[in-house]
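What you are looking at is a predicted structure, and each value in this text was computed from that prediction instead of being measured. Read the numbers this way: they start at 1 and go in the same order the structure lists the ligands and their atoms.
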Amino acid sequence: MQIAVGSDHAGVQLKHHVIAFLAAEGYEPIDCGTYSEDSVDYPDIAEIVAHEVLQKKILGILVCGTGIGISVAANKIPGIRAALCNDMFSARLAREHNDANIVAIGSRITGSGLAEEIIKTFIKTDFSAGRHQKRVEKITALENKYRERV
Ligand code: RB5
């Protein structure tokens, strides 16, 4: 199972940890950068991971200092539902209720051990559909409604 992983410079140490963790768990992480602590702009990384997620229909993981900027940026891309999760309860409901396809984590907030648990929960939880289906469809409808407007 492939998983796209990306971070800005603030999240790069946690991203290295996450990639090693995913590989040890038998997943196939796709490293979308960044690769050093040289400063980069989180929207650029969000776009690379979002592209992989949409094209390969896989899950993604994004890390920046707070997880906020990189998730906001990813959520501008139609088809992406990026959930900022700094706890396991959010990670589970992000999948069950929101069919999130990216989990975002704040490296300045969440330690590596908790990040592992959040990611494990996110990956292993399925979308519940049912009553949540039409709500997620309404998110897609909003994307379509505002696609051409500025
Ligand atoms: C980078 O300094 C920082 O602004 C970024 O990692 C993130 O926290 C933005 O939301």
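- Met1 forms part of a hydrophobic cluster together with Ile3, Val5, Leu14, Val18, Ile19, Phe21, Leu22, Tyr27, Leu59, Ile61, Val63, Met88, Val103, Ile105, Leu114, Ile118, Ile119, Phe122, Ile123, judged by ILVMFWY side-chain heavy-atom separations under 4.5 Å.
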Side chain to side chain donor-acceptor pair (under 3.5 Å) assessment of Glu52 paired with Gln2: CA-CA 10 Å; Glu52 290 292 312; Gln2 291 188 311; over 6 Å; no
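- Among protein residues, Asp8, His9, Ala10, Tyr42, Cys64, Gly65, Thr66, Gly69, Arg108 come within 4.0 Å of ligand 1, judged on heavy atoms.
- Qualifying side chain to side chain donor-acceptor pair (under 3.5 Å) partners for Thr110, counting only residues two or more places apart in sequence or in other chains: Asn86.
- Residues meeting the ring-ring contact (aromatic ring centres under 6.0 Å, His included) test with His51, sequence neighbours left out: none.
- One finds a salt bridge joining Lys120 and Glu117 here, because a Lys/Arg side-chain nitrogen approaches an Asp/Glu carboxylate oxygen to under 4.0 Å.
- A donor-acceptor contact shorter than 3.5 Å is absent between the side chain of Arg81 and the backbone of Asn101.
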